[in-house]
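Please read the structure below before turning to the comments.
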Amino acid sequence: MKFRSVFDIIGPVMIGPSSSHTAGAARIGRVARHLFGREPKAITVSLYGSFARTYKGHGTDVALIGGVLDFDTYDERIVNALTIAKEKKIKVRFTEEDAITDHPNTARIHLSDEKGELELVGISIGGGKIEVIELNGFALGLSGNSPAILVVHNDRFGAIAGVSNTLAKHEINIGHMNVSRKEKGKEALMTIEVDQNIPQIVLDEVESLPNIIQVAKISD
Amino acid sequence: MFRNVAELVELAQSKNKPISEIMIEQEMDFRGSTREEVYNQMKNNLVVMEQAVERGITEDVRSHSGLTGGDAVLLQDYMKSGNSLSGHTMLDAVSKAIATNEVNAAMGTICATPTAGSAGVVPGTLFAIREKVNPTEEQMVRYLFTSGAFGFVVANNASISGAAGGCQAEVGSATGMAAAAIVELMGGTPEQSSHAFAIALKNMLGLVCDPVAGLVEVPCVKRNAMGASNALVAADMSLAGITSRIPCDEVIDAMYKIGQTMPSALRETAQGGLAATPTGRELEAKIFGVSLDRK
């Protein structure tokens with residue numbers, strides 16, 4: 001079942017006009033922000049498909065930047081997100097891409113500052129639900145059917161066990177888990193789909209474990 | 001957990017509980033939350049809906065594109081003349097549905113029910129009925145759980161996305177959800193709710209998603225208006241004892257199959273229908289500042 005909660009149907013509370021082009025866009029931006037872990041100095045967004053063609057009318061641009069500024073779907077500051085970013089001296093750039101993507105509502109977000117960078121590709125699949133399909137070049141195979149978390153970690157022994165033990169302690173069952181790395185001993189990524197919503201307190205606990213760099217929730 | 005409307009009705013009947021209660025219990029189970037947490041989250045959604053309706057019927061709300069705004073106020077003023085043909089509750093529901101979608105188009109705050117483009121029908125009907133029968137807060141919160149229960153079945157067995165299934169999947173679903181919830185609030189049985197849903201959705205089958213310039217404005221705002229009126233009529237018919245000859249789940253399945261065979265030009269791509277009319281194209285060119293021959 002793709003929709004599991006009544007609040008997927010009656011909700012989200014959001015700034016209009018489109019659950020896919022506005023609320024979904026804000027959620028994609030916010031996941032990028034949470035994985036980056038801080039406010040970036042520069043944001044570059046590449047828009048594809050329907051996002052590229054209708055983003056101005058739908059406020060997809062302000063919603064994406066609002067998300068990166070850590071605004072939730074209902075935060076009224078979304079409307080002024082571009083101005084707020086400018087005031088914060090964050091460099092923002094949008095490009096409209098002609099390339100055909102698998103999903104019509106696709107955005108590629110690149111965040112950076114002097115300490116690092118992050119690149120994420122997200123798609124908005126309807127009703128405000130999103131999927132992240134790529135992170136820093138890692139392809140992610142999230143079904144979108146279950147709540148999921150992404151854990152960026154150092155490729156060291158015990159990192160995976162620590163995360164799964166923490167979830168087990170809170171009686172959260174893992175339905176699907178994928179671990180990928182680009183190089184032995186460097187940065188790696190866990191993609192974990194679970195059976196129920198994960199409370200923030202559990203995410204905080206996972207983030208405090210050794211060798212864990214960032215944690216973000218994809219959907220609930 | 002119920003997988004279709006037949007199971008939902010059966011659960012409600014066997015437990016002798018309203019559909020809203022079945023939805024609340026399932027949500028508590030899914031989230032591992034208390035009744036209070038689940039109830040309060042829905043109450044918050046109700047507050048957002050009420051604020052959007054109030055804003056839409058009292059303020060001069062205009063969208064960025066200039067395509068929509070101000071119609072909810074026009075209708076409220078017209079109702080005061082006392083000359084309306086379709087009656088106060090009907091027009092109140094219609095104007096409050098329009099109000100919600102005008103606020104949505106103007107980048108105001110709304111609650112998606114089940115999507116932003118179809119967010120007017122459920123609150124529009126609810127706040128019109130409030131004027132008429134003065135329900136308790138709990139009855140109003142339950143209205144949303146009953147709507148949600150039906151939407152939940154549609155989302156999982158068919159679709160609530162215009163890009164996937166056309167407007168019948170968005171405003172059509174919202175209309176059925178509202179009709180079912182009206183029935184429960186007015187004291188009807190779970191079975192009558194399912195008939196109201198079926199009657200409402202049957203009359204939305206085949207409705208295409210053809211938004212001008214791809215924006216959630218024309219014709220979306222007015223389709224929510226008609227959805228609200230359709231929901232009230234379907235609920236009244238069901239409460240009168242009229243039943244749907246085609247069972248609810250089969251109507252939902254028919255909607256899904258119609259959506260699958262709908263051409264892509266009529267599924268939220270702004271390539272066909274009203275979006276492709278000469279005026280639709282002209283508006284699109286004006287809004288995005290592009291020449292018509294590019295399309």
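Chain letters run A, B, ... following the sequence lines, proteins first and then strands; every chain starts at 1.
When heavy atoms are compared at a cutoff of 4.5 Å, B/L215 approaches chain A by way of both its backbone and its side chain. Using a 4.5 Å cut-off between heavy atoms, B/T109 contacts chain A through both its backbone and its side chain. Contact of B/S173 with chain A is not made at all, since no heavy-atom distance falls under 4.5 Å. With a threshold of 4.5 angstrom between heavy atoms, B/A174 does not approach chain A through any atom at all. In this structure, no portion of A/D75 lies under 4.5 Å from any heavy atom of chain B. Neither the backbone nor the side chain of A/S50 comes within less than 4.5 Å of any heavy atom in chain B. Heavy atoms closer than 4.5 Å to chain A are found in both the backbone and the side chain of B/M42. Residue B/M23 touches chain A through its side chain alone, counting heavy-atom pairs closer than 4.5 Å. Contacts of B/A155 with chain A are made by both backbone and side-chain atoms, with heavy-atom separations under 4.5 Å.
Interatomic distance, A/I10 CD1 to B/M177 CE, rounded to the nearest 0.5 Å: 4.0 Å. Note that OG of A/S19 is 6.5 Å distant from CD of B/E170, once rounded to the nearest 0.5 Å. Note: B/S161 OG to A/K129 NZ = 13.0 Å, rounded to the nearest 0.5 Å. With rounding to the nearest 0.5 angstrom, the NZ atom of A/K56 is 14.5 Å from the OG atom of B/S65.
With sequence neighbours left out, the salt bridge (charged side-chain N to carboxylate O under 4.0 Å, His left out) criterion links B/E25 to B/K15, B/K17.
No side-chain heavy atom of A/H21 sits under 4.5 Å from any side-chain heavy atom of B/V216. With contacts defined as side-chain heavy-atom distances shorter than 4.5 Å, the pair B/E268/A/T54 does not qualify. With contacts defined as side-chain heavy-atom distances shorter than 4.5 Å, the pair A/F7/B/N45 qualifies. Proximity of B/F152 to A/D8: side-chain heavy atoms (C-beta onward) are nowhere separated by under 4.5 Å. Residues B/M107 and A/V62 meet the side-chain proximity criterion, which asks for heavy atoms closer than 4.5 Å. The shortest side-chain heavy-atom distance between B/C111 and A/M14 does not fall under the 4.5 Å cut-off. In this structure the side chain of B/I110 never reaches within 4.5 angstrom of the side chain of A/V13, judged on heavy atoms.
Environment of CG in A/D102: sparse, with no more than 12 heavy atoms of neighbouring residues, nucleotides or ligands closer than 6.0 Å. Counted within 6.0 Å of CZ on A/R38, heavy atoms from surrounding residues, nucleotides or ligands total more than 12; the atom is thus considered enclosed. Crowding of A/E76 atom CD: a count of heavy atoms from other residues, nucleotides or ligands under 6.0 Å not exceeding 12. Taking a 6.0 Å sphere around OH of A/Y74, one finds it holds 12 or fewer heavy atoms contributed by other residues, nucleotides or ligands. B/H64 NE2: 12 or fewer foreign heavy atoms inside a 6.0 Å radius. More than 12 heavy-atom neighbours from other residues, nucleotides or ligands sit within 6.0 angstrom of CZ on A/F94.
Per-residue counts of heavy-atom pairs under 4.5 Å with chain A were compared for B/G214, B/S63, B/A105, B/G108; the largest is that of B/G108. When each of B/P114, B/A112, B/A149, B/G148 is checked for heavy-atom pairs under 4.5 Å with chain A, B/A112 comes out on top. Ranked by heavy-atom pairs under 4.5 Å with chain A, the first of B/M49, B/R3, B/Q41 is B/Q41.
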field: side-chain contact (heavy atoms from CB on, under 4.5 Å) between A/R4 and B/N156, intermediate numbers included
entry: CA-CA 9 Å; A/R4 298 167 61 88; B/N156 283 310; over 6 Å; no
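Minimum interatomic distance between B/E27 and A/V6 (heavy atoms only, all atoms of both residues): OE1-N, 2.7 Å. B/A116 and A/P17 get closest at one heavy-atom pair: CB-O, 3.4 Å.
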